[in-house]
Amino acid sequence: MFALVKMQAQPAYELHLKKLLDNEQLSTAQIDTINKANDSLIRVFPVSQNFKAMLFQIKKWCTDRNYPAGMADAQFNIGRYYIKEYKTALALQYYLVALSINEKLKDKHQQARTLFQIGIIYHQQKNFLAALGYFSHSSALFNQLGEKYRQSLSYYLLGVVYTELDNFDSAKVNFTRGINLKLILKDEVGLTESYTEMAKMYIKEKKPDSALALVNKSLQLKLVMNDCDDFLSIKNKIEAEALLLKQKPKLAVAPSLACLQFALSTQNPDLILEGYLIAFKAADATGNYKDAYHFQSKYLKLKDSLFSLEGAQKLNTIDENYHIDKKQSEINLLRENKVLQSILIDSFLVAIVLLILVVFLLFNRNRLRQRANNSITKEKERSDHLLLNMLPAEIAEELKRTGQTVAKQYDNVTVLFTDFVGFTIISEKLSPTELVAEIHHCFSAFDKIIEQNGLEKIKTIGDAYLAVSGMPMENKEHAKKAVKAAIEIQDFINKRQIEGGKFKIRIGIHSGSVIAGIVGIKKFAYDIWGDTVNTACSMEQNSIPGKINISRSTYELVKNDYPCTYRGKITPKNKGQMDMYFVE
């Protein structure tokens, strides 16, 4: 009933699935079949909003009937859906829940699949240490299960991650294990990918001869497969880099220019950047400073024009692709016209067909332009959303407008600092999955509370949470808003403990002045400094579980709005005596 061959009619399948889900007499065996079919469907086809709703309906069905195996599969499929929507944070959340359930069910097959998907997300986010842990775990499970193909993929990605971490010995071991399995499986596509990535590793390790040998192996396979057009660019780049390492810059010029020429033909900004960079290196190494300056200028200009955070978000080239598609459509149209004219010369039918084709082309052109404009808008919104998720709105706008920000001093702000009590002891009693899920749940709630009260989240440091009120936009009620947010955070933790939450919390608040700005050039972050931050931290450290400890400066600003109890003069570490108060 759910065979893949029937999935070719996706709308019909969705309609059939809806009718089944509306029938409350479904068995767990039927749910298992549906989950497996959906897993295949999500991998093969684009999925609709209606299909998303049905995924959540399946999850609810499993929850209401306390069917954990179906629940884990449903969570996994929802994670897959969000991956297709480029919502990796949401996908990770559902994958972690699926992993937790499968660990309790001791379902090693589903554990391994979920671990692998989580590893891919962390690799995309360039969190290589986290990716390494998940890929290693999935590889071990695939090995136990005898799933050679998936195990070969895990070895391949472990090799890629170890290369990113400059651990070349471990990278070679894993690449070699993956290649041996792919040879057994006769996976020619996988072999070319493994040989190519291993060649890139040898370039990074400065072993050009080994890199050239492997990239030539890949080329031989590609020639047999008759699929070497795109690969020639990769081969040329690796060859140019290898020749530069071998101190043969003149020989590196030709492959570097070939690599650039192919990159320019693709209109892919990432490939073009790589092409300009390798062309610059070759020209510079040969002393051709005129061309080197030209290529470097092009490289820097293109790099500056792409809006990027860690290389994960770039402005795409949809508009240029549209023009290429339009020109190709016009070429195709001319060819079609020529054939028609040769067959039906001087006939009335030719005029009718041409008219229809022209109308269709104009309609299609407008449709493609609209689609391109919509895609550009979506990409810009996605980039803006990502930037706003890292920086305050005013700072993000300044960064987009000028390309830089200036550190500023804010004289009247209130800093809020929280910390979980006994975090180290509690973390030892929880699995890594349970620990991450609980912290994520709590900090997500804190984020909402902070936003609702007009505060600005600065960062989390392990199990600590730092936020500030009264900046970057000044607010005379900064202290009141910070205390209100602290009370709501404390209420949430109290309620969470009743529900089975693991943590108690201490909160400290202090008012004063801070300096704020962006630090670093990679993975940059908005941060605050000054004695006010240190004092807020001291307030938290000298608080007690379940209490909000504030300084005198904050007390003077909120005493008419919130009842407070004077604690006396207390001496924090590395500070003199300070008046402290509990907010009641």
Side-chain angles (χ1 to χ4, degrees), residues 156 159-160 162-169 171-172 174-176 178-179 182-183 188-304 306 311 317:
Y156 166 78
V160 172
Y162 275 122
T163 299
E164 296 283 1
L165 295 171
D166 293 338
N167 187 339
F168 303 121
D169 290 338
K172 275 177 259 189
N174 283 281
F175 277 133
T176 303
I179 288 169
K182 291 177 189 298
L183 287 168
E188 293 180 338
V189 174
L191 277 171
T192 60
E193 292 174 348
S194 295
Y195 287 147
T196 303
E197 287 301 322
M198 200 170 180
K200 292 178 182 178
M201 178 208 72
Y202 278 124
I203 289 294
K204 199 172 182 185
E205 196 183 7
K206 296 184 172 26
K207 292 185 177 180
D209 291 330
S210 299
L212 287 171
L214 280 174
V215 80
N216 283 323
K217 265 191 174 184
S218 291
L219 180 61
Q220 292 305 314
L221 277 174
K222 286 284 188 179
L223 288 170
V224 172
M225 295 160 59
N226 195 24
D227 181 31
C228 61
D229 289 346
D230 293 351
F231 178 75
L232 286 176
S233 174
I234 300 172
K235 189 251 185 191
N236 284 326
K237 180 175 182 294
I238 293 174
E239 183 179 346
E241 289 177 329
L243 290 168
L244 287 173
L245 286 173
K246 289 165 68 72
Q247 304 296 317
K248 297 180 179 179
K250 290 183 179 179
L251 295 178
V253 171
S256 70
L257 292 177
C259 174
L260 174 59
Q261 184 178 7
F262 176 83
L264 291 170
S265 72
T266 67
Q267 296 293 307
N268 183 317
D270 292 320
L271 290 180
I272 295 172
L273 275 176
E274 290 182 357
Y276 278 133
L277 184 58
I278 191 64
F280 159 72
K281 288 180 179 178
D284 185 60
T286 58
N288 186 350
Y289 301 121
K290 181 180 178 181
D291 284 351
Y293 174 77
H294 171 74
F295 292 135
Q296 185 185 45
S297 300
K298 290 283 188 180
Y299 171 82
L300 294 174
K301 184 178 180 180
L302 178 58
K303 187 176 181 181
D304 290 343
L306 297 174
T317 55

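Worth knowing before you read on, the calculation uses all heavy atoms, side chains too, and leaves out hydrogens, waters and symmetry mates. Numbers here simply count residues along the sequence, with the first being 1.
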*Quick one: salt bridge (charged side-chain N to carboxylate O under 4.0 Å, His left out) partners of D209, sequence neighbours excluded?*
K246

*State the CG-OG1 distance between L191 and T196, to the nearest 0.5 angstrom.*
10.0 Å

*Mind checking the OG-CD spacing from S256 to E239? Nearest 0.5 Å is all I need.*
10.0 Å

_Non-hydrogen atoms of G159 and A171 that approach each other most closely_ = O-CB, 3.5 Å

*For K248, enumerate each residue passing the salt bridge (charged side-chain N to carboxylate O under 4.0 Å, His left out) test, keeping only those at least two apart in sequence or located in another chain.*
none

*asked:* To the nearest 0.5 Å, what is the distance between NZ on K250 and OG1 on T286?
replied: 8.5 Å

*Provide the closest heavy-atom pair for A283 versus A292 in the form atom of the first, atom of the second, distance.*
CB-N, 3.7 Å

*If a pair satisfies salt bridge (Lys or Arg N to Asp or Glu O under 4.0 Å) and one of its residues is in residues 276-297, list it, with sequence neighbours excluded.*
none

Solution key, residues 197-205 side-chain donor-acceptor pairs under 3.5 Å, sequence neighbours excluded:
{"from": "E197", "atom 1": "OE2", "to": "K200", "atom 2": "NZ", "distance (Å)": "3.4"}
{"from": "K204", "atom 1": "NZ", "to": "T163", "atom 2": "O", "distance (Å)": "3.0"}
{"from": "K204", "atom 1": "NZ", "to": "D166", "atom 2": "OD1", "distance (Å)": "3.0"}
{"from": "E205", "atom 1": "OE1", "to": "K172", "atom 2": "NZ", "distance (Å)": "3.3"}
{"from": "E205", "atom 1": "OE2", "to": "K172", "atom 2": "NZ", "distance (Å)": "3.1"}
{"from": "E205", "atom 1": "OE2", "to": "K207", "atom 2": "NZ", "distance (Å)": "3.4"}

*Output the distance between atom CD (E188) and atom OG1 (T192), rounded to the nearest 0.5 Å.*
8.5 Å

*Side-chain contact test, heavy atoms from C-beta onward, threshold under 4.5 Å: evaluate it for Y156 versus F175 and give yes or no.*
yes

*Side chain to side chain, I278 and L260, heavy atoms closer than 4.5 Å*: no

*Between N288 and F295, is any pair of side-chain heavy atoms under 4.5 Å apart?*
no

*State, with a plain yes or no, whether a side-chain heavy atom of P249 is found less than 4.5 Å away from one of L244.*
yes

_Taking side-chain contact (heavy atoms from CB on, under 4.5 Å) as the definition, give me every residue that meets it alongside A258, ordered by chain and number, with sequence neighbours left out._
N236

*asked:* Within the structure provided, determine whether L264 and Y276 are in side-chain contact (heavy-atom separation under 4.5 Å).
replied: yes

*Taking atom CD of E193 and atom CG of L221, what is their separation to the nearest 0.5 Å?*
11.5 Å

_Looking at every non-hydrogen atom in both residues, tell me the closest pair between C259 and G275 and how far apart they are._
SG-CA, 4.3 Å

*How long is the gap from CG on N174 to CD1 on I179, to the nearest 0.5 Å?*
11.0 Å

*Let me see the working for Y195 and V215 under side-chain contact (heavy atoms from CB on, under 4.5 Å), right down to the final yes or no.*
CA-CA 6 Å; Y195 287 147; V215 80; over 6 Å; no

*For E274, what residues pass the salt bridge (charged side-chain N to carboxylate O under 4.0 Å, His left out) criterion, not counting sequence neighbours?*
none

_Test side-chain contact (heavy atoms from CB on, under 4.5 Å) on L300 and Q296; report intermediate values, then the result._
CA-CA 6 Å; L300 294 174; Q296 185 185 45; 4.0 Å; yes

